[in-house]
J.: 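Structure below; questions to follow.
We're numbering straight along the sequence, starting at 1.
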Amino acid sequence: MMTLEEMQKKLQETLPKGRFQHSVNVMHEAVKLAEIYGEDKNKAAIAGLLHDCAKGIKGEEALEICKKHNIIIDEVMQLQTGLLHGPIGSHIADCEYGVKDPYILNAIYYHTTGCENMDRLTKIIYIADYIEPNRSFYGVEKIRRKVISDLDEAIIIALNTTIKHVITKGHLLHINTINARNYLIKERGHISVTKNIRHNEG
């Protein structure tokens, strides 16, 4: 496997300047969260740095790469190829950067959608991508404050925000995102049951 410095150099040669800076920001954010939550800082740095290594691959090219390398995709990903940079990025991290650690590859694979029962590193990369310093949207400061004390709650807020945004845009919502949110809420016992009230019509 390449050293982290070698990965940075290679990534810088393949990504636009802004996307590379975003990747570096996510790497730093992931390392900070790894320190707080007892995750391996080197794994967090690699996953954070490489999470968007396939970001520039879109549309038909992305579909062709998936077909060529037997990357299994679902119907939503076929229709919204922007979601493919996670699975393709995981493949590139393995084949071109020599990353073999399944946790790092998993974190890269699911960093866009999240998934049910995420491991700690996957959670950290998901939220680090969401709150890195250059992100600017309504509610991001609340998530940045929350993630310091409660990783899962911060992710639930981020997933809620994403789901609302996707619905507002009229795009397809990936089942992994729904499953990620539902799993965390069930795990934390945050389910609020609304009873149906039968109204008398008479």
J.: Quick check: are there more than 12 heavy atoms from other residues, nucleotides or ligands sitting under 6.0 Å from NZ of Lys100?
T.: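 Yes - once you tally the heavy atoms of other residues, nucleotides and ligands closer than 6.0 Å, there are more than 12.
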J.: Does the Arg144 side chain pair with the main chain of Ile131, one donor and one acceptor, at a distance under 3.5 Å?
T.: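 Yes, because the side chain of Arg144 sits within donor-acceptor range (under 3.5 Å) of the backbone of Ile131.
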J.: Does any N or O in the side chain of His69 come within less than 3.5 Å of the main-chain N or O of Ile71, such that one atom is a donor and the other an acceptor?
T.: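 No; zero donor-acceptor contacts below 3.5 Å.
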J.: Looking at Met77, is its backbone amide N or carbonyl O close enough to the side chain of Gln80 to form a donor-acceptor pair, meaning the two atoms are under 3.5 Å apart?
T.: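 No, Gln80 side chain to Met77 backbone: no donor-acceptor pair under 3.5 Å.
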J.: Do you know which of Val26, Val99, Leu105 makes side-chain contact (heavy atoms from CB on, under 4.5 Å) with Leu50?
T.: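 Going through the options one by one, the only one that passes is Val99.
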J.: Taking the side chain as every heavy atom from C-beta outward, state whether Glu39 and Leu33 have any atom pair closer than 4.5 Å.
T.: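 Side chain of Glu39 against side chain of Leu33, heavy atoms only: no contact under 4.5 Å found.
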J.: Which distance, rounded to the nearest 0.5 Å, do you find between the CG of Asp94 and the NE2 of His91?
T.: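 Reported to 0.5 Å precision, the distance equals 7.5 Å.
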J.: Do Leu11 and Ser23 come close enough that some side-chain heavy atom pair is under 4.5 Å?
T.: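 Leu11 vs Ser23: side chains touch.
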J.: Would you compute the distance between atom CG of Leu63 and atom NZ of Lys67 and round it to the nearest 0.5 angstrom?
T.: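 Atom-to-atom, Leu63:CG and Lys67:NZ are 10.0 Å apart.
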J.: Is Ile124 reachable from Val147 through a run of hydrophobic residues whose side-chain heavy atoms are each under 4.5 Å from the next?
T.: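 Both belong to a single hydrophobic cluster.
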J.: Report yes if the side chains of Val166 and Ile163 come closer than 4.5 Å at any heavy-atom pair, otherwise no.
T.: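 No, their side chains stay 4.5 Å or more apart.
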J.: Any donor-acceptor pair under 3.5 Å linking the side chain of His28 with the backbone of Asn25?
T.: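 A pair under 3.5 Å: no.
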J.: Mind listing the closest non-hydrogen atom pair of Ile92 and Ala54 along with its distance?
T.: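 Between these two residues, the closest heavy atoms are CD1-CB, 3.9 Å.
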J.: What is the minimum heavy-atom distance between Ala30 and Ile125, and which atoms define it?
T.: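 Heavy-atom minimum between the residues: CB-CD1, 3.7 Å.
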J.: Compare all side-chain heavy atoms of Lys123 with those of Leu184 and state whether any distance is below 4.5 angstrom.
T.: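 Of all side-chain heavy-atom pairs linking Leu184 with Lys123, at least one is under 4.5 Å.
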J.: Does any non-hydrogen side-chain atom of Gln12 lie less than 4.5 Å from one of Val24?
T.: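 No, too far: nothing below the 4.5 Å cut-off.
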J.: Let me confirm one number: the CD1-CD1 distance from Ile143 to Ile148, rounded to the nearest 0.5 Å.
T.: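 Between atom CD1 of Ile143 and atom CD1 of Ile148 there are 12.5 Å.
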J.: Checking Asp150 side chain against Glu153 main chain: does a donor-acceptor pair fall under 3.5 Å?
T.: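 Yes.
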J.: Hey, is the main chain of Lys146 close enough, under 3.5 Å, to the side chain of Ser149 for a donor-acceptor pair?
T.: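 Flag set: sc Ser149 to bb Lys146 pair under 3.5 Å.
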J.: How long is the span from the CD atom in Glu96 to the CE atom in Met2, to the nearest 0.5 Å?
T.: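 With rounding to 0.5 Å, CD (Glu96) is 8.0 Å from CE (Met2).
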J.: Should we say atom CZ of Phe20 is surrounded by more than 12 heavy atoms from elsewhere, each under 6.0 Å from it?
T.: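 Atom CZ in Phe20 is packed in, count exceeds 12.
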J.: Let me check something: do Ile36 and Ile156 share a hydrophobic cluster, defined by ILVMFWY side-chain heavy atoms less than 4.5 Å apart, either directly or through other members?
T.: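 Yes, same cluster.
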J.: Going by atom types alone, do His85 and His111 pair a side-chain donor with an acceptor below 3.5 Å?
T.: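 Yes, side-chain donor-acceptor contact under 3.5 Å.
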J.: Tell me, with the steps shown, if Ile178 and Arg181 meet side chain to side chain contact (heavy atoms under 4.5 Å, CB included).
T.: CA-CA 5 Å; Ile178 298 170; Arg181 176 182 180 273; 6.0 Å; no
J.: Is it the case that Tyr130 and Thr162 place a side-chain donor and acceptor less than 3.5 Å from each other?
T.: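 Distance-only check passes for Tyr130 and Thr162.
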J.: With heavy-atom distances below 4.5 Å as the criterion, would you say the side chains of Cys66 and Ile88 are in contact?
T.: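 Yes; the side chains approach each other to less than 4.5 Å.
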J.: For Ile72, look at atom CD1 and say whether over 12 heavy atoms of other residues, nucleotides or ligands are found less than 6.0 Å away.
T.: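 Count not over threshold, so no.
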J.: Count I, L, V, M, F, W, Y as connected when their side-chain heavy atoms are under 4.5 Å apart, and connections chain through other members. Are Leu159 and Val140 then in the same cluster?
T.: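 The answer is yes; both residues are in one hydrophobic cluster.
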J.: Can a salt bridge be assigned to the pair Lys9 and Glu13 using a cut-off of 4.0 Å between side-chain N and carboxylate O?
T.: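 Salt bridge flag = yes for Glu13 with Lys9.
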J.: Would you say that Glu187 contacts Asp152 through its side chain, given a criterion of any heavy-atom pair below 4.5 Å between the two side chains?
T.: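 Of all side-chain heavy-atom pairs linking Asp152 with Glu187, at least one is under 4.5 Å.
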J.: Using modelled atom types and a 3.5 Å cut-off, is there a donor and acceptor pairing between side-chain atoms of Thr122 and backbone atoms of Met118?
T.: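 Not confirmed, Thr122 side chain does not pair with Met118 backbone.
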J.: Does the side chain of Glu132 pick up a donor-acceptor pair with the side chain of His22 at under 3.5 Å?
T.: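 Side chains of Glu132 and His22: pair found under 3.5 Å.
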J.: What I'd like to find out is whether the side chain of Phe137 reaches to under 4.5 Å of the side chain of His165, using heavy atoms alone.
T.: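 Answer no - side chains too far apart.
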J.: Would Lys32 and Glu29 pass as an ion pair if we require N to O under 4.0 Å?
T.: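 Salt bridge flag = yes for Glu29 with Lys32.
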J.: What pair of heavy atoms forms the shortest contact from Cys53 to Leu15, and how long is it?
T.: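 Nearest heavy atoms, Cys53 then Leu15: O-CD2, 4.2 Å.
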J.: Test of understanding: clusters of I, L, V, M, F, W, Y form through side-chain heavy atoms closer than 4.5 Å, transitively. Do Tyr97 and Val31 belong to the same one?
T.: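 Tyr97 does not cluster with Val31.
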J.: Report the C-alpha distance between Asp129 and Arg135 in whole Å, list the side-chain angles of each, state the deciding distance to 0.1 Å, and finish with yes or no for side chain to side chain contact (heavy atoms under 4.5 Å, CB included).
T.: CA-CA 9 Å; Asp129 182 29; Arg135 296 289 197 197; 3.0 Å; yes
J.: Show the nearest heavy-atom pair for residues Tyr110 and Cys115, with the distance to one decimal.
T.: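 Smallest interatomic distance, heavy atoms only, reads CD2-CB, 3.6 Å.
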J.: Any chance you could measure Ile46, atom CD1, to Met27, atom CE, to the nearest 0.5 Å?
T.: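 Answer for the CD1-CE pair, Ile46 versus Met27, is 10.5 Å.
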J.: According to a 4.5 Å side-chain heavy-atom criterion applied to Ile, Leu, Val, Met, Phe, Trp and Tyr, with indirect links allowed, do Tyr183 and Leu121 form part of one hydrophobic cluster?
T.: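 In one cluster: no.
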J.: As an exercise, state the distance from CD1 of Ile73 to CG of Leu83, rounded to the nearest 0.5 Å.
T.: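 Nearest 0.5 Å value for the CD1-CG distance: 10.0 Å.
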J.: Before you tell me yes or no, could you show the steps for Ile65 and Ile57 under side chain to side chain contact (heavy atoms under 4.5 Å, CB included), namely the whole-Å CA-CA distance, both residues' side-chain angles and the distance that decides it to 0.1 Å?
T.: CA-CA 9 Å; Ile65 289 173; Ile57 303 171; 3.6 Å; yes
J.: If only atom types and distance count, is the side chain of Tyr37 paired as donor or acceptor with the main-chain N or O of Leu151 below 3.5 Å?
T.: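 Flag set: sc Tyr37 to bb Leu151 pair under 3.5 Å.
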